[in-house]
Structures are given as structure tokens and as C-alpha cells.
Novice: 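Sending over a structure as C-alpha cells; questions will come in a sec.
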Amino acid sequence: MPNPGLPRHVAIIMDGNGRWAKQHAFSVMMGHRKGVEALREIIRYSSNIGIKVLSLYAFSTENWSRPEAEIAALMRLIVEFFRSEIDELHENKVRIRILGDINALTASARDAVIMAQERTRGNTGMQLNIALNYGARDELIRAVNALIADARDGGSSAEPLTWKDIEHHLYTKGQPDVDLLIRTSGEQRLSNFLLLQSAYAELFFPQKLWPDYTVADYQDALAAYVQRERRFGGRTT
Ligand code: IPE
Ligand code: IPE
Ligand code: MG
């Protein structure tokens, strides 16, 4: 049984790798590498305490506008991440799902994520969503196009579409909504991450840059989450 006050779905916008690198006079890539170390700890801890779904924003549909060398290095980092982590993740029964269109990734990154998804498909532990080439608007466009195609194939039904129909075509199909959304580095925006799934998420914006973010910081966010009063539009007083 998970703790009653534990969020079921935690989403994290891991931001601040570039500023961390600059602070330390390192290359941007060193920032991303340190970022992966932080992420490893947060994944491990989340799985240990019984978080059901953890969603990590790793690469957005807008991140393609970054310098080519940074993009290439990030693609290599994705391959490395899965190569070094997949055994432990699988052992811990973590199930991996990629959110986003993986066709645009480099062939080796695409192969790595397909392999990780396939290998962990039957696992019953924490669901780990990794958002790669993900954007909420892109996700919605895909869902709407899929619904239009369904309607064409099946002959248009007279029934108006419902939220359930849309949800059925999102990358997060079958998963609970985001309860807690954390963005590091002090930026207070969502940058196109899980906009529909976060409709009633509690938002946290810690100042720390992602490579400096620790399990203790994460515990602070989880403790603060328990204190929040979630009303979902209703009235409790
Ligand atoms: C977030 O760190 C990681 C990715 C977008 C891949 P940034 O690279 O955005 O770090 P800042 O915002 O420049 O500090
Ligand atoms: C959001 O961070 C994307 C990821 C963390 C992967 P960005 O650094 O790309 O977002 P903006 O440009 O500051 O909004
Ligand atoms: Mg950033």
C-alpha cells in the first residue's frame, strides 16, 4: 500500500543543466551529464517509496532549435543512459514508456528506447515515462488526427467526443493525471509539458538547478504536497 499522502503521478521538468554548467565553467554537456546523475537518484527513490507514475521531461519538441552539437550529444546521452540503467530498472520492475514521437530521434537513440520499452513491458512496478521529442500541443494534434481517422474508418458516429476519447489517444493513456509537478531552476512555466494531464496538478518551483537537485529536496516537495489542499473545483469549507 502506498502512503495515503503520496502523489500517484509525479512529473518533473528537469531544468537548469545549462546554467549549472556555466556556473562551474564547464561545457553544457557536462551539465547534462550531471543532470543524469541527479535523475538516477530521483528515479530510484520514487520507485522505492511506491510512486506509481514518474514522468520526466528530457527533450521537448522545441529543443530541436538548440545547437546541433548539443542535440547530438543529448542523443548520445540517451543511448548511454539506457545502456547503463536498464538492468537496474528492470530488476526493480520499472516499466518504461516514452512520451513523444521517437521517429525523429537518431537511429541509435530510437533503438535504445524501443529496446527499453520492450524489455520492461511486462513489469509491474513504477511506470517511468520519459518525454523525448514531447510537446503537449503535438500530443493533442496527434490525438485529434487519430480521432478524425477513427471516425472516417468507422463511419462518423453521431456521438459528440468526450474527454475519455481524447485521453485514449494521449501518450499517457491509462495513467492517472499528474498530482505533483516540479520544475527546478526557479523558472515558473510549463514549457509545453503534460498540459492536459496537469489540469489539477500541484505545482512546485524549487530554485535549485537540476544537477544540484537531491533526494532531500524531493522529499521537501513531497512533504509540502501533503500539506496542499486539493479542491478540484469543489468546496471543502
Ligand atoms: C534542461 O536543462 C535539460 C534539457 C532541456 C535537455 P537546460 O539545458 O534547459 O538548462 P538551462 O535552462 O539552459 O539552464
Ligand atoms: C523544458 O526546458 C524542457 C526540458 C526540461 C526537457 P527548456 O529549458 O527547454 O524550456 P524553456 O525554453 O526555458 O521554456
Ligand atoms: Mg532550460
Side-chain angles (χ1 to χ4, degrees), residues 9-43 46 53-85 96-106 108-110 112-113 116 128-142 170-172 178 180-198 201 203-214 217-218 221:
H9 187 167
V10 179
I12 306 183
I13 302 174
M14 310 180 289
D15 198 17
N17 294 350
R19 277 162 284 170
W20 185 92
K22 200 166 185 184
Q23 265 182 14
H24 294 79
F26 290 148
S27 68
V28 173
M29 214 38 227
M30 268 306 288
H32 291 315
R33 281 193 181 284
K34 281 299 278 191
V36 171
E37 286 175 31
L39 158 151
R40 187 178 291 130
E41 297 303 316
I42 298 297
I43 294 174
S46 301
V53 186
L54 176 66
S55 295
L56 302 172
Y57 207 6
F59 194 88
S60 75
T61 45
E62 288 73 41
N63 286 147
W64 295 108
S65 64
R66 294 197 178 198
E68 238 173 76
E70 183 179 355
I71 294 172
L74 281 167
M75 293 293 141
R76 286 196 297 274
L77 201 55
I78 292 165
V79 177
E80 258 178 58
F81 170 78
F82 284 108
R83 192 176 292 145
S84 65
E85 301 307 310
I96 294 165
R97 185 188 296 189
I98 304 300
L99 315 181
D101 178 12
I102 62 170
N103 290 312
L105 306 182
T106 57
S108 49
R110 191 166 57 240
V113 303
L128 176 62
N129 294 330
I130 302 186
L132 284 173
N133 188 23
Y134 173 88
R137 287 185 174 175
D138 182 61
E139 180 180 39
L140 182 61
I141 292 165
R142 278 162 200 281
L170 299 181
Y171 289 118
T172 51
V178 175
L180 166 62
L181 186 143
I182 301 168
R183 181 180 189 142
T184 58
S185 86
E187 305 293 0
Q188 303 194 3
R189 57 175 171 267
L190 299 178
S191 301
N192 210 7
F193 193 41
L194 299 176
L195 300 185
L196 291 167
Q197 297 87 339
S198 299
L203 310 180
F204 282 83
F205 299 107
Q207 289 299 321
K208 275 207 182 171
L209 302 175
W210 177 252
D212 290 329
Y213 197 71
T214 63
D217 297 318
Y218 185 43

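Whatever order the structure lists them in is the order used to number ligands and atoms, beginning at 1.
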Novice: So which of the N, O or S atoms of Asp15 lies nearest the Mg ion (ligand 3)?
Specialist: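 Result: OD1.
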Novice: Please list, in number order, the atoms of ligand 2 under 4.0 Å from a heavy atom of Arg189.
Specialist: 11 (P), 13 (O), 14 (O)
Novice: Which heavy atom in Arg142 sits nearest to a heavy atom in Asp101, and how many Å separate them?
Specialist: NH2-OD2, 3.2 Å
Novice: Mark yes or no for whether Ser60, through its side chain, and Asn63, through its backbone, hold a donor-acceptor pair below 3.5 Å.
Specialist: yes
Novice: Taking the six-membered ring for Trp, are Trp20 and Phe26 parallel (under 30°), tilted (30 to 60°) or perpendicular (over 60°)?
Specialist: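 Geometry flag for Phe26 against Trp20: tilted rings.
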Novice: Please tell me whether Thr106 and Arg76 have a donor and an acceptor in their side chains that are separated by less than 3.5 angstrom.
Specialist: no
Novice: Looking at Lys34 and Glu37, is there a salt bridge between them, counting it only when a charged N and a carboxylate O are closer than 4.0 Å?
Specialist: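 Yes.
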Novice: What residues come within 4.0 Å of ligand 1, counting heavy atoms only?
Specialist: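 Protein residues near ligand 1 are Met14, Asp15, Gly16, Asn17, Gly18, Arg19, His32, Ala58, Asn63, Arg66.
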Novice: Would Glu187 and Gln207 count as having a side-chain donor-acceptor pair, cut-off 3.5 Å?
Specialist: no
Novice: Main chain of Ile13, side chain of Arg183: is a donor-acceptor contact present, judged purely on distance under 3.5 Å?
Specialist: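 Absent.
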